[in-house]
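Since the model is a prediction, treat every value here as computed from it, not as a measurement. What's counted below: heavy atoms across the whole structure, side chains too, no hydrogens, waters or symmetry copies. In listed order, ligands and their atoms are each counted from 1.
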Amino acid sequence: MASGKIQYKTEEEIDLIRVSAKLLAQAHGEVAKLMKPGVTPKQLDRRAEEFIRDHGGVPSFKGYGPANAAFPHSLCLSVNEVVVHGLATDKPLQSGDIMSVDCGVYLNGFHSDSAYTYPIGEVSADVLALLRETKASLYKGIEKAVSGNRVGDISYAIQNHVARLGYGVVRELVGHGVGAKLHEKPEVPNFGKRGSGPLLQTGLVLAIEPMVNLGKKDVVQEADGWTIRTKDRKPSAHFEHTVVVRKDKAEILTSFEYIEQALASQ
Ligand code: MG
Ligand code: MG
């Protein structure tokens, strides 16, 4: 997946990624405005693509992968037991569902990548707790994204937060570097040992993205070649930010601000 060696970004490059990440955050906000029972994943996908292109960006995911099997949508829309890489369908969302919206924007030569999992209508308390704790684990990981730490410190912080609650931490899919390519080195697993893995240094831009299952950690891929779901078909949550490693505190380039504004005004 990730190729090449670790690329540390200059402040000028980080400024460009920040612009990409801002558009991405706003695109998420536009999607959030439509999020309610009855909306279809295809409607959300169309809105995201339209908004990104209207603002001069390109959806990073559309056409991603080999030419004969490229990802067909602008969003990965993963409902309930789908962990990631779900394909947009015409099936309306129902109260009680959860859905992760994963989106990437390419603008000014740089990608940004971010995901948020929504409860749709009335969702059971155990599933709401999964969403809350998966999001909390993302911020636990981000706290460790400071220079001098290692990738394993991020991984351990995420795993430690969610595994003690009895959740399954997905092993097969991981976070990654972000820049001129959507997926760069290093890989950022959501499980691991403190003090292990590549050294974090200022200017490293990472997508940190815990994928956490209500049940067991095991996942399977559907025959469509994209959709990853839990083996036990229990729900799964996914939250992701693009961040830059700094000396004392990571800077979060993407934002859930527009999503949370939209949800608060519904
Ligand atoms: Mg993503
Ligand atoms: Mg990612």
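Rounded to 10°, the angle formed at the Mg ion (ligand 1) by Glu240 OE1 and Asp113 OD1 is 90°.
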Residues Tyr156, His161; criterion ring pair (Phe, Tyr, Trp, His ring centres under 6.0 Å); working and verdict: CA-CA 8 Å; Tyr156 175 83; His161 185 80; over 10 Å; no
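As for Glu209, its N/O/S atom nearest the Mg ion (ligand 2) is the one called OE2.
When side chains are defined from C-beta on, Thr40 does not count as touching Lys91, because their heavy atoms never get closer than 4.5 Å.
Contact annotation: Asp102 places an N, O or S atom under 2.8 Å from the Mg ion (ligand 1). Counting backbone and side-chain atoms alike, His176 contributes an N/O/S atom closer than 2.8 Å to the Mg ion (ligand 2).
Using a distance-only test at 3.5 Å, with no hydrogens or angles considered, no donor-acceptor pair links the side chain of Glu49 to the main chain of Leu44.
Between Phe256 and His241, a ring centre-to-centre spacing shorter than 6.0 Å is recorded.
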